[in-house]
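Encoded as structure tokens, the structure appears first; notes follow it.
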Amino acid sequence: MPADVGKAPFFMPKNLAFLPLQSRGRARTTPTVVHAVVHAAFRADSTCWSLECAEKTKRKKAMGDVFLALSMSLDGYVAGPKDDVELLHRWLFNGEAASRHGHGLSMVEASREVVDDYFDRAGACVVGRRTFELAGRWGGRPPFPMPYFVVSHDVPDELAGPDAPFTFVTDGVESAITRARAAADGKNVSVMGADVPQQAIRAWLLDELLIHLVPVLLGGGKRLFEHLGGEPLELDRREVVATPDGITHLRYRIVR
């Protein structure tokens with residue numbers, strides 16, 4: 001809470017300026033009450049000057065973050081010219097530290113800690129239809145035990161119905177992320193692919209990026225940071241982990 005709150009004069013947020021401090025012969029709202037309201041807002045979130053802002057922040061924190069984690073080449077590609085990702089994902093299977101999340105994931109210990117922390121905090125996943133198909137629809141069932149929301153223009157007949165293993169969302173990325181957050185039970189929402197994360201960034205829906213930087217130059221393919229619009233995006237670096245096998249894990253938070 002700012003030091004000047006409770007002293008005179010102090011900055012009055014415009015959404016609290018309507019509160020009357022004097023009223024002849026009528027009930028009045030005293031400065032103490034005003035200060036209590038302001039304090040309530042700051043107690044919920046020190047960056048908010050209003051109860052509405054604090055409440056939105058509280059709900060958002062309770063729902064977890066929207067998170068992107070992808071392997072990327074040094075020249076910015078997340079897939080090769082023919083959608084090949086073998087060179088980018090080799091590090092996930094080239095070590096002796098097995099991930100507790102299975103799927104044959106075994107890497108150097110420093111990478112295992114990063115990867116397992118990511119999966120531990122994920123409660124739902126949003127993926128684009130193209131990535132879903134390139135993955136062979138994961139054999140008809142989610143690869144990890146969490147709800148999967150597929151952004152698509154239509155729903156495949158063979159994967160329709162209330163008991164389908166994947167939820168297809170046909171009204172856009174924002175709707176898919178909203179539904180994923182509701183299903184994530186307070187944990188993070190992972191976004192996969194390139195197009196879906198780009199749309200999430202443009203809509204200011206993405207909170208954090210975890211980039212596994214691989215020491216390879218692909219020279220072409222699918223770039224991650226394209227089609228983001230003209231507005232600069234500032235990032236706050238939160239973590240850097242350099243591993244013995246040359247992978248650098250970079251975690252950034254988007255500055256709003």
Side-chain angles (χ1 to χ4, degrees), residues 64-80 82-128 131-132 134-150 165-166 180 183-194 196-197 200 206-219 221-225 235-254:
D65 289 329
V66 180
F67 209 102
L68 161 69
L70 279 177
S71 293
M72 187 176 73
S73 69
L74 196 58
D75 51 350
Y77 294 97
V78 293
K82 298 181 180 180
D83 293 310
D84 179 41
V85 295
E86 194 274 334
L87 285 176
L88 295 177
H89 292 174
R90 183 183 294 170
W91 64 274
L92 286 162
F93 306 94
N94 273 0
E96 297 181 355
S99 167
R100 58 178 170 268
H101 294 278
H103 291 277
L105 298 174
S106 187
M107 59 213 81
V108 301
E109 177 60 24
S111 290
R112 184 204 63 77
E113 292 179 0
V114 172
V115 170
D116 279 357
D117 177 68
Y118 162 74
F119 281 116
D120 288 346
R121 294 190 290 142
C125 180
V126 175
V127 60
T131 300
F132 176 72
L134 287 172
R137 298 183 174 184
W138 291 299
R141 62 179 182 177
F144 295 96
M146 67 180 79
Y148 277 70
F149 296 82
V150 183
F166 304 98
D185 195 25
K187 301 180 79 174
N188 290 346
V189 171
S190 170
V191 293
M192 290 184 61
V196 165
L206 195 69
D207 296 302
E208 286 200 3
L209 301 91
L210 174 59
I211 303 298
H212 311 296
L213 194 63
V214 181
V216 63
L217 300 173
L218 293 183
K222 188 75 172 179
R223 288 188 182 274
L224 176 59
F225 300 120
L235 304 175
D236 177 24
R237 189 184 68 191
R238 295 299 179 91
E239 184 178 31
V240 178
V241 178
T243 69
D245 58 347
I247 306 300
T248 305
H249 306 283
L250 304 167
R251 186 164 67 91
Y252 294 95
R253 189 159 189 89
I254 293 177

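Residues: numbered from 1 along the sequence shown.
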Please walk me through it: do Tyr77 and Arg223 pass side-chain hydrogen bond (donor to acceptor under 3.5 Å, both in side chains)?
CA-CA 4 Å; Tyr77 294 97; Arg223 288 188 182 274; 3.1 Å; yes

What do the steps show when you test Ser71 against Trp91 for side-chain hydrogen bond (donor to acceptor under 3.5 Å, both in side chains), and what is the final call?
CA-CA 10 Å; Ser71 293; Trp91 64 274; 3.0 Å; yes

Leu224 versus Gly193, closest heavy-atom pair with distance
CD1-O, 4.3 Å

Within the structure provided, determine whether Phe67 and Arg251 are in side-chain contact (heavy-atom separation under 4.5 Å).
yes

So His249 and His212, would you call those rings parallel, tilted or perpendicular, with 30° and 60° as cut-offs?
perpendicular

Please confirm whether the ring centroid of Trp138 lies under 6.0 Å from the ring centroid of His103.
no

On a heavy-atom basis, which atom in Ala124 and which in Ala180 lie closest, and how many Å separate them?
CB-O, 3.5 Å

Between atom CE of Met192 and atom OH of Tyr148, what is the distance when rounded to the nearest 0.5 Å?
6.5 Å

Less than 4.5 Å apart, any side-chain heavy atom of Phe93 and any of Leu105?
yes

Is the closest side-chain heavy-atom distance between Val191 and Val66 below 4.5 Å?
yes

To the nearest 0.5 Å, what is the distance between CG (Leu68) and CG (Asn188)?
12.0 Å

Contact summary for Met146 and Gly123, nearest pair of heavy atoms:
CB-O, 3.7 Å

What do the steps show when you test Leu134 against Val85 for side-chain contact (heavy atoms from CB on, under 4.5 Å), and what is the final call?
CA-CA 11 Å; Leu134 287 172; Val85 295; over 6 Å; no

Going through the distances and angles, do Leu235 and Ile254 end up as a side-chain contact (heavy atoms from CB on, under 4.5 Å)?
CA-CA 5 Å; Leu235 304 175; Ile254 293 177; 3.8 Å; yes

Non-hydrogen atoms of Val214 and Leu87 that approach each other most closely
CG1-O, 3.8 Å

Any chance you could measure Asn94, atom CG, to His89, atom NE2, to the nearest 0.5 Å?
13.0 Å

Partner of Asp65 under salt bridge (Lys or Arg N to Asp or Glu O under 4.0 Å), chosen from Arg253, Arg121, Arg238
Arg253

Separation between CE (Met72) and CG (Leu250), nearest 0.5 Å, reads 7.5 Å

Kindly give the heavy-atom pair with the smallest separation between Ala194 and Val78, and that separation in Å.
CB-CG2, 4.1 Å

Counting distance only, does the side-chain N/O of Asp75 pair as donor-acceptor with the main-chain N or O of Leu218 below 3.5 Å?
yes

Of the non-hydrogen atoms in Pro165 and Gly140, which two are nearest, and what is the gap between them?
CG-O, 3.2 Å

Under a 3.5 Å distance rule, please check whether Ser99 uses its side chain to pair with a backbone N or O of Ser106 as donor and acceptor.
no

Nearest 0.5 Å, what's the CG-CZ distance between Leu209 and Phe225?
5.5 Å

I'd like to know whether CD of Glu96 has more than 12 heavy-atom contacts from other residues, nucleotides or ligands below 6.0 angstrom.
no

Please assess Val196 against Thr131 for the test side-chain contact (heavy atoms from CB on, under 4.5 Å), listing each intermediate value before the final yes or no.
CA-CA 9 Å; Val196 165; Thr131 300; over 6 Å; no

Distance from Asp120 atom CG to Arg100 atom CZ, nearest 0.5 Å?
4.0 Å

Classify the ring geometry between Phe166 and Phe132 as parallel (under 30°), tilted (30 to 60°) or perpendicular (over 60°).
perpendicular

